[in-house]
Amino acid sequence: MKNVRVELGSRSYSVMIGPNLLARSAKLLDREEFSADPVVITNRTVMRLHGGGFLQALRRRWPRPAVILIGDGERYKDLATVRRIYDSMFRTGADRRSWIIAFGGGVVGDIAGFAAATFMRGIPFVGLPTTLLAQVDSSVGGKVGVNVRQGKNLVGAFHQPSSVLSDVLTLRTLAPRELASGLYEVIKCGAIRSEPLLDYLESRLEQVVACRPAALEKVVFEATSIKAGVVSSDELEDDLRMILNYGHTIGHGLEAATDYRRFKHGEAVAWGMIAALGFGRELGLLDDRSAARLVHLIHRVAPLPSLRGISLAHVRTAIQHDKKFRRGSVRMVFLPHLGEAEVRSDVDSRHLDLFLSRFLANPGARPTEV
Ligand SMILES: NC(=O)c1ccc[n+]([C@@H]2O[C@H](COP(=O)([O-])OP(=O)(O)OC[C@H]3O[C@@H](n4cnc5c(N)ncnc54)[C@H](O)[C@@H]3O)[C@@H](O)[C@H]2O)c1
């Protein structure tokens with residue numbers, strides 16, 4: 001088992017990463033000094049696949065955990081679900097001493113974390129992320145929240161977990177597209193902070209995709225360390241934390257332009273990274289060889305859904321609604337070198353427009369100098 005420490009003063013916590021952690025959860029969480037029984041928030045899919053062994057292990061230390069099942073899918077990440085969670089918690093006698101276990105992917109983590117941040121003005125929670133995306137991204141950093149009619153993740157809080165257990169064996173049951181979606185976020189971590197992680201992925205991609213425990217442990221550990229390092233120095237998302245958004249400005253535009261139906265989040269980020277590489281080349285950033293290397297690695301993971309038919313106007317509107325857009329300029333992350341990121345606040349939106357119109361028409365085209 002590996003351990004990553006998220007350093008946030010009195011709210012510091014450990015992320016434990018390895019195989020078979022669910023079976024050892026009672027022991028691993030025992031040091032948390034929780035006296036009351038936990039409230040496990042999960043969904044039917046995760047419960048069916050991994051709940052039996054986990055609850056059995058948990059009961060060795062906390063005999064009567066409450067289990068709250070929520071709907072499976074992004075559409076359930078809303079305030080109605082949070083209200084149902086509060087109702088169940090009050091019904092089962094939860095109080096200020098209670099604590100929550102977020103057992104599932106990023107959707108469960110965001111909702112359960114938000115319920116923990118707000119129930120009785122805040123109770124502790126522990127993350128047990130079961131998707132690759134949740135292990136390397138959403139479970140670390142304390143951003144919790146829900147979607148509202150006006151947009152995604154617009155209501156939420158910063159509430160750090162007490163600890164996180166990333167059991168890499170849970171990833172073996174993931175649908176291939178979900179695994180790939182998380183892998184693009186791992187590639188993003190390498191791209192912004194660690195060329196050695198990219199080297200590793202290039203040489204061991206097949207082992208990772210085949211869910212070999214050692215390979216999964218390695219990539220989850222490396223990506224978590226990168227996210228933890230960034231979050232530790234910039235908890236409330238200013239300049240440094242922005243580098244984690246590499247590929248996300250255009251990625252979010254693509255997701256919104258297709259009504260969040262065509263792409264998994266990581267797939268949109270993958271296209272966003274490819275586009276940012278091409279656009280970066282036009283700004284004179286990153287050499288051709290390094291850009292081609294990263295594009296090749298991204299395409300090796302799995303085929304990406306096509307960009308066919310996506311309207312530039314829709315992507316543009318989404319980018320302009322993004323909080324990174326200010327009066328004609330877009331804030332975007334670029335790679336001056338592989339393993340290094342740079343935030344630019346002065347990206348000319350007309351230049352980005354021109355680039356995107358060419359990119360959407362021909363995403364495979366080699367970038368051209370202007
Ligand atoms: N808080 C943050 O910092 C942050 C960062 C990135 C993403 N997010 C959020 O994360 C969410 C996406 O998370 P996600 O990609 O994990 O999606 P998800 O939670 O919807 O999980 C994807 C699917 O996999 C299933 N699943 C979960 N674990 C499984 C397992 N071990 N085996 C088989 N199936 C399993 C889920 O039930 C679901 O159907 C979005 O809502 C996004 O906004 C949050």
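In this chain, numbering begins with 1 at the start of the sequence shown. Order of appearance sets the numbers: ligands from 1, and atoms from 1 within every ligand.
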Side chains of F334 and V343 in contact at under 4.5 Å (non-hydrogen atoms): no
Quick test: of every protein heavy atom, which one is nearest to atom 21 (O) of ligand 1, and how far off is it to 0.1 Å? T131 CG2, 3.7 Å
Are L132 and E178 side-chain neighbours, meaning at least one heavy-atom pair lies under 4.5 Å? no
Atoms of ligand 1 less than 4.0 Å from N153 heavy atoms? 43 (O)
Between E282 and R358, does at least one N-O distance fall below 4.0 Å, as a salt bridge requires? yes
For atom 28 (N) of ligand 1, find the nearest protein heavy atom and state the residue, atom name and distance (0.1 Å precision). T130 OG1, 2.7 Å
Give yes or no for whether the N/O distance cutoff of 3.5 Å, strictly under, is met between L49 and ligand 1. no
Got a salt bridge between E342 and R344, using NZ or NE/NH1/NH2 to carboxylate O under 4.0 Å? yes
To which protein heavy atom is atom 42 (C) of ligand 1 closest, and what is the distance rounded to 0.1 Å? K77 NZ, 3.8 Å
If the contact criterion is a heavy-atom separation under 4.0 Å, does E74 count as touching ligand 1? yes
Proximity flag H50 to ligand 1, non-hydrogen atoms under 4.0 Å: yes
I'd like to know if E74 pairs up with K152 as an ion pair, taking the criterion as any Lys NZ or Arg NE/NH1/NH2 lying under 4.0 Å from an Asp or Glu carboxylate oxygen. yes
Check whether any side-chain heavy atom of L21 lies under 4.5 Å from a side-chain heavy atom of V168, and answer yes or no. no
Of all the non-hydrogen atoms in the protein, which one sits nearest to atom 4 (C) of ligand 1, and at what distance? S138 CB, 3.2 Å
shortest atom 33 (C) of ligand 1-to-protein heavy-atom contact is with T173 O, 3.2 Å
Atom 15 (O) of ligand 1 has as its nearest protein heavy atom L133 CD2, 3.5 Å
Looking only at non-hydrogen atoms, the one of V231, V107, V108 nearest atom 18 (P) of ligand 1 is V107
Report the nearest protein non-hydrogen atom to atom 1 (N) of ligand 1: residue, atom name, distance rounded to 0.1 Å. K143 O, 2.8 Å
Atoms of ligand 1 less than 4.0 Å from D137 heavy atoms? 5 (C), 6 (C)
Answer yes or no on whether K188 is positioned over the face of Y246, meaning its NZ or CZ is under 6.0 Å from the six-membered ring centre and within 45° of the axis. no
Please determine whether a side-chain nitrogen of the Lys or Arg among E255 and R262 lies less than 4.0 Å from a carboxylate oxygen of the Asp or Glu. no
Should the pair D95-R97 be classified as a salt bridge under the 4.0 Å nitrogen-to-oxygen rule? yes
Just jot down the ligand 1 atoms closer than 4.0 angstrom to any heavy atom of E178, in number order. 22 (C), 23 (C)
Between ligand 1 and N43, is the shortest N or O to N or O distance under 3.5 Å? yes
With the threshold set at 4.0 Å, does a side-chain nitrogen-carboxylate oxygen contact exist between R44 and D72? no
Is the distance between the ring centroids of H351 and F279 less than 6.0 Å? yes
Check each atom of ligand 1 against the heavy atoms of V46 and keep those under 4.0 Å away; list them by number with element. 27 (C), 28 (N)
Protein contact to atom 14 (P) of ligand 1 [nearest heavy atom, distance to 0.1 Å]: G106 N, 3.6 Å
L171 contact mode with ligand 1 (heavy-atom cut-off under 4.0 Å): neither
